[in-house]
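This report refers to the structure that appears directly beneath it.
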Amino acid sequence: QATGADQAVGFGLVAFSLLLFAYYSVWVVVLPFVDGDHVLNKYFLPREYSVILPGVAALALLLFVGTFITAVMWKNRSPKKVD
């Protein structure tokens, strides 16, 4: 059973993910069909960042996963046998 703190953290992560998904979806799907001088455009970054930011996030994720796997493998390596 999850404690109240675990449930609160989980709820916060889900809420953050939903907000991020909604923001990105509006930014990428809806905003190209809105006029450039519309008031909605001031709440979003320029369109170039819609490709750059997920790319940087993907590279950071790969870096962290690779670092974690390397650290675990380094820690669990067995010493070489000397005959």
Side-chain angles (χ1 to χ4, degrees):
Q1 293 290 337
T3 63
D6 291 339
Q7 289 178 347
V9 169
F11 178 75
L13 288 172
V14 170
F16 176 74
S17 298
L18 287 173
L19 285 173
L20 189 65
F21 178 76
Y23 178 86
Y24 188 78
S25 296
V26 169
W27 186 23
V28 172
V29 177
V30 175
L31 216 56
F33 299 106
V34 176
D35 290 334
D37 58 347
H38 194 274
V39 71
L40 188 62
N41 283 312
K42 73 177 185 177
Y43 297 108
F44 295 92
L45 293 171
R47 290 188 188 128
E48 295 84 23
Y49 291 107
S50 67
V51 176
I52 294 170
L53 290 177
V56 169
L59 287 175
L61 178 67
L62 286 174
L63 175 69
F64 291 134
V65 168
T67 303
F68 175 75
I69 290 173
T70 302
V72 169
M73 289 178 66
W74 188 275
K75 182 180 175 184
N76 292 332
R77 67 186 169 127
S78 58
K80 290 187 176 185
K81 293 181 181 179
V82 178
D83 291 329

query = Taking only residues two or more places apart in sequence or in another chain, which ones pass side-chain hydrogen bond (donor to acceptor under 3.5 Å, both in side chains) with T67?
reply =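 So T67 forms no side-chain hydrogen bond (donor to acceptor under 3.5 Å, both in side chains) with any residue.
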ask   = Does D6 have any side-chain hydrogen bond (donor to acceptor under 3.5 Å, both in side chains) partners at least two apart in sequence or in another chain, and if so, which?
value =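 Result, side-chain hydrogen bond (donor to acceptor under 3.5 Å, both in side chains) vs D6: T3.
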task = Give the other cluster members for L13, using side-chain heavy-atom distances under 4.5 Å between Ile, Leu, Val, Met, Phe, Trp and Tyr residues; answer none if it is isolated.
result =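 L13 shares its hydrophobic cluster with V9.
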query = With ILVMFWY side chains joined below 4.5 Å, transitively, what does F16's cluster contain besides itself?
reply =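 Result for F16 is L20.
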With [X], which residues qualify under side-chain contact (heavy atoms from CB on, under 4.5 Å), at least two apart?
| X | value |
| --- | --- |
| V72 | F68, N76 |
| V14 | L18 |
| V26 | V30, F44 |
| P32 | R47 |

query = In this structure, are over 12 heavy atoms from other groups packed under 6.0 Å from Y23 atom OH?
reply =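 Yes.
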task = With sequence neighbours left out, write down each residue that passes ring pair (Phe, Tyr, Trp, His ring centres under 6.0 Å) with Y24, or none if nothing qualifies.
result =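 Residues passing ring pair (Phe, Tyr, Trp, His ring centres under 6.0 Å) with Y24: W27.
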ask   = Is there a path from F11 to L19 through hydrophobic residues (I, L, V, M, F, W, Y) whose side chains come within less than 4.5 Å of each other?
value =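 No, no single cluster joins them.
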task = List the atom of N41, the atom of G36, and the distance in Å for their closest heavy-atom pair.
result =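 Minimum heavy-atom contact is ND2-O, 3.1 Å.
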query = Can you name the nearest heavy-atom pair linking L45 to Y49, along with the distance?
reply =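 Looking at all heavy atoms of both residues, the shortest contact is CB-CD1, 4.1 Å.
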ask   = From L40 CG over to L31 CG, what is the distance, rounded to the nearest 0.5 angstrom?
value =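 Atom-to-atom, L40:CG and L31:CG are 5.5 Å apart.
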